[in-house]
There are 2 protein chains.
Amino acid sequence: MDAVLPDQGPEELGPARVDCAPGGRRGDTRVRIQQVALELFAEHGYERTSLREVAERLGVTKAALYYHFKSKEDIVRSFTEDHFSRVDDLIAWGRDQPPGAHTAHEVLDRYIAIIMEGLEVFRFLERNQASLRESEHGKHRFEQFRPRLNALIEIITGPDAPPRSRVRAAAAFFAASASCMVFTRDAPDEADQPPLPDRDELRKIVLELADDLTGDAPPA
Amino acid sequence: MDAVLPDQGPEELGPARVDCAPGGRRGDTRVRIQQVALELFAEHGYERTSLREVAERLGVTKAALYYHFKSKEDIVRSFTEDHFSRVDDLIAWGRDQPPGAHTAHEVLDRYIAIIMEGLEVFRFLERNQASLRESEHGKHRFEQFRPRLNALIEIITGPDAPPRSRVRAAAAFFAASASCMVFTRDAPDEADQPPLPDRDELRKIVLELADDLTGDAPPA
DNA sequence: GTCTATAGACGGATAGAC
DNA sequence: GTCTATCCGTCTATAGAC
């Protein structure tokens, strides 16, 4: 309902991930809610996960969640806005750079870094696109992928690029993010036959592949 | 609950799309339900779309839907199983071919054809991954993407391929399907600034890009 | 800061008339 | 084949005690 949200909790989620083992410190309830909610929303789906389940997993009641967050959507916003901010910052940075292959490479590299540091959030966004598209009264819930993708494409290709260049640039971002998701262990229980590359290797492979997509000459 | 589903309606959904203009023929209620449900599930999300909405859009009542389909999930199954069958057929075909670059190219080409002919279904699957992951009692609702992706990768790369090849093959499929989705008009209302390539051009661009990802030599 | 209790709405699904 | 009416479950969110 409200347009502005003036930071309504004790502390905000840090750089993408929080470094706390499942030990026993207190005062971190808000963060624990975010972690559990993100995990369940990504694994079982936003709509299919009730706040009762989140609360139970935390050993509290539903009502406790409403002390820390004003709604279910608000929990989502709390861990997605950081991710979107990073992409927005990247777009702003990219627009300030001199156009060319070097900037394109740098943007892809930083984009991949954002994805890999916020993998859980990205997984959630990917798998719940339909739930996040629009709120019940026609207003946008969260700013969408599309405008950001277009902005990133334009940084890579420059303005008024031919369709082929634009599609390939888009493909680079799709391939990069999807590859990071699929070739990273998701739930520990899944028995994937093929062995996964470690994260550094994966990152190198993905960056190379994205460069191949954006860097080459027009067709013969 | 039941494992087998012995075809429980008048006619089954034809090859991906049905050729009927919005005229006034009858006896097609089952197909109209599928079309409307698919459209709403893809646009607003599976969980967020109630059967009441589907029925209202069709000018019938909820109960009428239950004459044609035994549950909400069953509607989804009716238009997704055809899509998955096509992919499974492609996998079977690919395994019968002699391994090599030519087969890889053919598989990618046919995969892209499947995506582009069933774009609405694919859009639905993509945007509702979380809803389709598992049913409430731990059983798989629909066979998943992952095993099929692995099978396709192995056809492209051969068995025991190094991570780099596997990631690039996967990226080819991701990039191909996502590009088809994004560079095809979705809802007619959206005002996309950049002009879209026509479908034949898009298909050529996407196939070329997928070939680039799978076809080249190992790194220097 | 967390609890109990409940309001209030809406969902999927079914029974049975026509 | 479609309708009316309804059952029963679950959900988000809130009120108010401690």
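In what follows, chains carry the letters A, B, and so on, assigned in the order in which the sequence lines appear, proteins first and then strands, with residues in each chain numbered from 1. Nothing here was measured: the structure is a model prediction, and the numbers come from that model.
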**Student:** What about F174(A) and F174(B), are their ring centers closer than 6.0 Å?
**Tutor:**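 For F174(A) and F174(B), the ring centres are not under 6.0 Å apart.
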**Student:** Quick one: on DNA chain D, does A63(B) or K72(A) contact a more 5' nucleotide (nearest heavy atom)?
**Tutor:** A63(B)
**Student:** Do Q97(B) and E106(B) pair up side chain to side chain, a donor and an acceptor below 3.5 Å, judged on atom types alone?
**Tutor:**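 Result is no, nothing qualifies.
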**Student:** Check whether any side-chain nitrogen or oxygen of T29(A) sits under 4.0 Å from OP1 or OP2 of dT2(C), and answer yes or no.
**Tutor:**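 For dT2(C), OP1/OP2 do have a side-chain N/O of T29(A) under 4.0 Å.
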**Student:** Let me know the distance between CG of L65(B) and P of dG1(D), rounded to the nearest Å.
**Tutor:** 14 Å
**Student:** Would you mind reading off the distance between L51(B) atom CG and dG12(C) atom P, rounded to a whole angstrom?
**Tutor:**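 Value for this atom pair: 4 Å.
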**Student:** May I have the distance from H68(A) (atom NE2) to dC3(C) (atom C1'), rounded to whole angstrom?
**Tutor:** 13 Å
**Student:** Would one find a side-chain N or O of R52(B) under 4.0 angstrom from OP1 or OP2 of dG11(C)?
**Tutor:** yes
**Student:** Measure from CD on E53(A) to P on dC11(D) and round the result to the nearest Å.
**Tutor:**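 The distance from CD of E53(A) to P of dC11(D) comes to 7 Å, rounded to the nearest Å.
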**Student:** To the nearest Å, how far apart are K62(B) NZ and dT6(D) P?
**Tutor:**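 K62(B) atom NZ is separated from dT6(D) atom P by 14 Å.
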**Student:** Write down the distance between CD (E47(A)) and P (dC10(C)), rounded to a whole number of angstrom.
**Tutor:**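 In whole Å, dC10(C) P lies 15 Å from E47(A) CD.
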**Student:** In this structure, how many angstroms lie between the P atom of dA5(D) and the OH atom of Y66(B), rounded?
**Tutor:**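 So the OH-P distance, Y66(B) to dA5(D), works out to 19 Å.
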**Student:** Round to the nearest Å and state the distance from D74(B) atom CG to dT14(C) atom C1'.
**Tutor:**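 Taking CG of D74(B) and C1' of dT14(C), I get 16 Å after rounding.
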**Student:** So, the side chain of R127(B) versus the backbone of A42(B): is there a donor-acceptor pair under 3.5 Å, distance only?
**Tutor:**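 A pair under 3.5 Å: yes.
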**Student:** Flag the pair W93(A) / R110(A) as yes when at least one side-chain heavy-atom distance between them is below 4.5 Å, and no otherwise.
**Tutor:**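 Answer yes - side chains close enough.
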**Student:** Are OP1 or OP2 of dT2(C) and a side-chain N or O of Y67(A) less than 4.0 angstrom apart?
**Tutor:** no
**Student:** Which word best sums up how the rings of F124(B) and F41(B) line up, parallel for under 30°, tilted for 30 to 60°, or perpendicular for over 60°?
**Tutor:**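 Answer is tilted, since the angle falls between 30° and 60°.
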**Student:** Select base, sugar-phosphate, or nothing to describe what S50(A) touches, counting heavy atoms under 4.0 Å on all strands.
**Tutor:**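 Sugar-phosphate, backbone atoms only, no base.
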**Student:** Any side-chain N or O of T61(B) under 4.0 Å from OP1/OP2 of dC3(D)?
**Tutor:** yes
